[in-house]
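Okay, so here's the structure we're looking at.
Numbers restart at 1 for each chain; the letters A, B, ... are given by sequence-line order, proteins then strands.
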Amino acid sequence: MTVNQTPFYIFNTLTRQKEVFTPINQGEVKMYTCGPTVYDYAHIGNFRAFLFEDLLKRWLQYCGFKVTHVMNLTDVDDKTIRGSQTKGVALRQYTGFFVKAFFEDIAKLNIEPADVYPCATDHVPEMVSIIKILQAKGFAYCGEDGSIYYAVSKFPKYGKLSHIKVGELKAGARVSQDEYTKDDAQDFALWKAYTPEDGDAFWETDLGKGRPGWHIECSAMSMRYLGETFDIHCGGIDNMFPHHENEIAQSEAASGKVFVNYWLHNEHLQVEGKKMSKRFGNFYTLRDLLERGYDPIAIRYLLLSTHYRQQFNFTFEGLNAAKSAIERLKNFRRRLQDADGRGSEGKVVMQIQHAKQCFEEAINDDLNISTALAALFDFVREINNLLDANAVSKEEANQTIEILMQFNSVLGIIDREEKKENLTNDIYALIQRREAARRTKSWKEADQIRDQLKTLGIIVEDTAQGMRWHKE
RNA sequence: GCUGGGGUGGCCGAAUCGUUUAGGCGGUAGCCUGCAGAGCUGCUCUAUAUGGGUUCAAUUCCCAUCCCCAGCUCCA
């Protein structure tokens, strides 16, 4: 198979335009994605971001790039501290529980793990050293409370990402308690001086006793693992301002270099047409949905199937539709595995090439997943037509499975083969009995056994190539 | 208030200033099948929030209006 040759366009928040993606080092990509704050189970909105990032990463890998992916785990902030105190356990113990849950969740969603998952609490020295540089360069000052703040006015490019003009921010909204110690309202904390409410969450450092501000962890950990300038930084649109804007200010002031070349932000999702919130009763974690019996891969498909810069409306109707769509693909693969026809005289190969081209063109256009899926389903229909005519040879079927699996390396929604489930002897015997009944045309008995198997979760189908069964 | 993103068929969702405006899901009819399932084909599908304007041509550009969503200092 030829390697994807067309350029990959991505929408860069810095320029608000689609740009051809060109990595710093040929053939490799360094990307950083803002990870979860581990104070609770992640919700499906969080996972939309992680799935978008997974799609991006898988596509870069499909294109032949070696991707180094870093995702941080925010394990010290107001919420984690409050949570650990409410539970009466150490901060580390409290966050450790949700870190474990997070990894379980992303595994269920078939999200490829990052190469490194740095925790904020493991990188305080790196943060301190950046803050000291900022102090030395005059970008940071000490407030009356002993906290250290970043002086936004010292960084002329502040606002280049979010296109927010300092000074036009709504005055008086969501004023933080310590604001009076800052020189300017828009300044933000690099280091927070210890207060008794912080409990066991403090570090004794050259900056005094305290804990890091939120934004500094991403600057410190991304530069630690990816270098002072790297290729891609992703996150939810809400992180664009102030979080990412502040990261740029900190990192570029400290290093004197461009921090990140491409910034990508995904839009939020709504649930049943409304903002997801506990108040509306439409707030879902992955675990909530799994408890209701939904398939995590259907959730993956659904959250992935809408363009990442589009607000997405999550509905249960949509989730059911996603399940059916995946089932269609699985059925397609089952048919291919059984195929042993006379050959299509090149039609299959032609369809494969066409589908590959359409699929790649679509995703190369800023991850246009909808158009890519349309190409996939067009392909499925065309090949199904040939399968109906018994015109797909075993060799052609294998080639089709190969391209399907290539697409799937990007989508992550179907397995190459049915998961080999061990049948109990009882079920095996039932299948044998039905076959025997069918051979003697005892339709009534055969149908009755088929129904019985269905209640046991086994779907039996009769095809041109004989009987076939799979789990529901 | 300021800034930004949207409103496409029963539902979800692409694309595009001009031949038939993708694809999925759902419904329905037919083909196939002993039946079913899967699959295919047709129909649902004279779908582009509303009202104007520009143009040979707009759903796509412009203006106005209505509605939804987001950001505006630690929410993906």
Side chain of [X] (C-beta onward), nearest among [options]:
X	options	value
A/Arg328	B/A14, B/A70, B/G39	B/G39
A/Trp443	B/G34, B/U41, B/U73	B/G34
A/Lys275	B/A70, B/G37, B/C40	B/A70
A/Ala325	B/A22, B/C35, B/C25	B/C25
A/Ala374	B/C68, B/A22, B/G37	B/A22
A/Asp462	B/C69, B/G24, B/G34	B/G34
A/Met276	B/C25, B/G23, B/A76	B/A76
A/Asn385	B/G23, B/C40, B/C75	B/C40
A/Phe188	B/A22, B/U73, B/C75	B/U73
A/Gln311	B/C69, B/A76, B/A36	B/C69

For a quick check under 3.5 Å, do [X] and [Y] share a side-chain donor-acceptor pair by atom type?
X	Y	result
A/Asn331	A/Arg334	yes
A/Gln357	A/Glu361	yes
A/Asp187	A/Tyr141	yes

Original post:
Hey, is A/His268 stacking on B/A76? Ring centres under 5.5 Å, planes under 30°.
Top reply: yes
Original post:
Does the side-chain ring of A/Phe377 sit on the six-membered ring of the B/G23 base, less than 5.5 Å centre to centre and under 30° in tilt?
Top reply: no
Would you measure the distance from the [atom1] atom in [N] across to the matching atom in [M] and give it in whole Å?
N	M	atom1	result
B/G6	B/C32	P	49 Å
B/A58	B/A49	C1'	16 Å
B/U46	B/G10	P	12 Å
B/U73	B/G51	C1'	41 Å
B/A64	B/C2	P	14 Å
B/C40	B/U48	P	28 Å
B/U19	B/C12	P	27 Å
B/G26	B/C72	P	39 Å

**OP:** Apply salt bridge (charged side-chain N to carboxylate O under 4.0 Å, His left out) to the pair A/Arg309 and A/Glu267, showing each step before the final yes or no.
**Re:** CA-CA 5 Å; A/Arg309 285 191 289 113; A/Glu267 261 293 350; over 6 Å; no
Measure the distance from [atom1] on [X] to [atom2] on [N] and round it to the nearest whole Å.
X	N	atom1	atom2	result
A/Trp263	B/G4	CH2	P	21 Å
A/Gln337	B/A38	CD	P	18 Å
A/Asn266	B/C75	CG	P	16 Å
A/Arg335	B/G37	CZ	C1'	11 Å
A/Arg434	B/G34	CZ	P	12 Å
A/Lys471	B/G37	NZ	C1'	19 Å
A/Glu267	B/G7	CD	C1'	14 Å
A/Leu73	B/A76	CG	P	13 Å

**OP:** Enumerate the residues from residues 31-47 of chain A whose closest heavy atom to RNA chain B is under 4.0 Å, giving them by residue number; use none for an empty result.
**Re:** A/His43, A/Gly45, A/Asn46
Original post:
For RNA chain B, which residues in residues 312-322 of chain A have a heavy atom at a distance below 4.0 Å?
Top reply: A/Phe312, A/Asn313, A/Glu317, A/Ala321
Original post:
Which ranges of RNA chain B pair up as stems, where a stem means three or more consecutive Watson-Crick or G-U pairs with both distances under 3.5 Å?
Top reply: B:1-7 with B:66-72, B:10-12 with B:23-25, B:26-31 with B:39-44, B:49-53 with B:61-65
Side-chain donor-acceptor distances from residues 210-220 of chain A under 3.5 Å, at least two apart:
from: A/Arg211; atom 1: NE; to: A/Asp198; atom 2: OD1; distance (Å): 3.3
from: A/Arg211; atom 1: NE; to: A/Asp198; atom 2: OD2; distance (Å): 3.3
from: A/Arg211; atom 1: NH2; to: A/Asp78; atom 2: OD1; distance (Å): 2.7
from: A/His215; atom 1: ND1; to: A/His243; atom 2: ND1; distance (Å): 2.9
from: A/His215; atom 1: NE2; to: A/Asn246; atom 2: ND2; distance (Å): 3.1
from: A/Glu217; atom 1: OE1; to: A/Thr74; atom 2: OG1; distance (Å): 3.4
from: A/Glu217; atom 1: OE2; to: A/Asn72; atom 2: ND2; distance (Å): 2.9
from: A/Glu217; atom 1: OE2; to: A/Thr74; atom 2: OG1; distance (Å): 3.0
from: A/Ser219; atom 1: OG; to: A/Glu247; atom 2: O; distance (Å): 3.3
from: A/Ser219; atom 1: OG; to: A/Gln250; atom 2: OE1; distance (Å): 2.8
from: A/Ser219; atom 1: OG; to: A/Ser251; atom 2: OG; distance (Å): 2.8

Subject >> Pairwise 5' ranking along RNA chain B for A/Ser162 and A/Asn331, keeping only the more 5' one >> reply: A/Ser162
**OP:** Sequence neighbours left out, what passes salt bridge (charged side-chain N to carboxylate O under 4.0 Å, His left out) with A/Glu435? Give chain and number order.
**Re:** A/Arg438
**OP:** Report the residues that fulfil salt bridge (charged side-chain N to carboxylate O under 4.0 Å, His left out) with A/Arg82, sequence neighbours left out, ordered by chain and then residue number.
**Re:** none
Using modelled atom types only, decide if a donor and an acceptor are shared between the side chain of [X] and the backbone of [Y] within a distance under 3.5 Å.
X	Y	value
A/Asp75	A/Thr121	yes
A/Ser370	A/Ser305	yes
A/His43	A/Asn46	yes

Original post:
Does the ring centre of A/Tyr94 sit less than 6.0 Å away from the ring centre of A/Phe98?
Top reply: yes
Subject >> Aromatic contact, A/Phe52 with A/Phe312 (centres under 6.0 Å) >> reply: no
Original post:
Is it the case that more than 12 heavy atoms not belonging to A/Phe283 sit under 6.0 Å from its CZ atom?
Top reply: yes
Original post:
With a cut-off of 6.0 Å (strictly less than), are more than 12 heavy atoms of other residues, nucleotides or ligands near NZ of A/Lys347?
Top reply: no
Subject >> Short N-O contact, A/Arg300 and A/Asp54, less than 4.0 angstrom >> reply: yes
Original post:
Has the side chain of A/Arg450 got a donor or acceptor atom sitting under 3.5 Å from an opposite partner on the base of B/C35?
Top reply: yes
Within less than 4.0 Å of OP1 or OP2 of [N], is there a side-chain N or O belonging to [X]?
X	N	answer
A/Lys323	B/G24	no
A/Asn368	B/A15	yes
A/Ser305	B/G24	no

Original post:
What is the nucleic acid contact for A/Arg439, judged by heavy atoms within less than 4.0 Å: base, sugar-phosphate only, or nothing?
Top reply: nothing
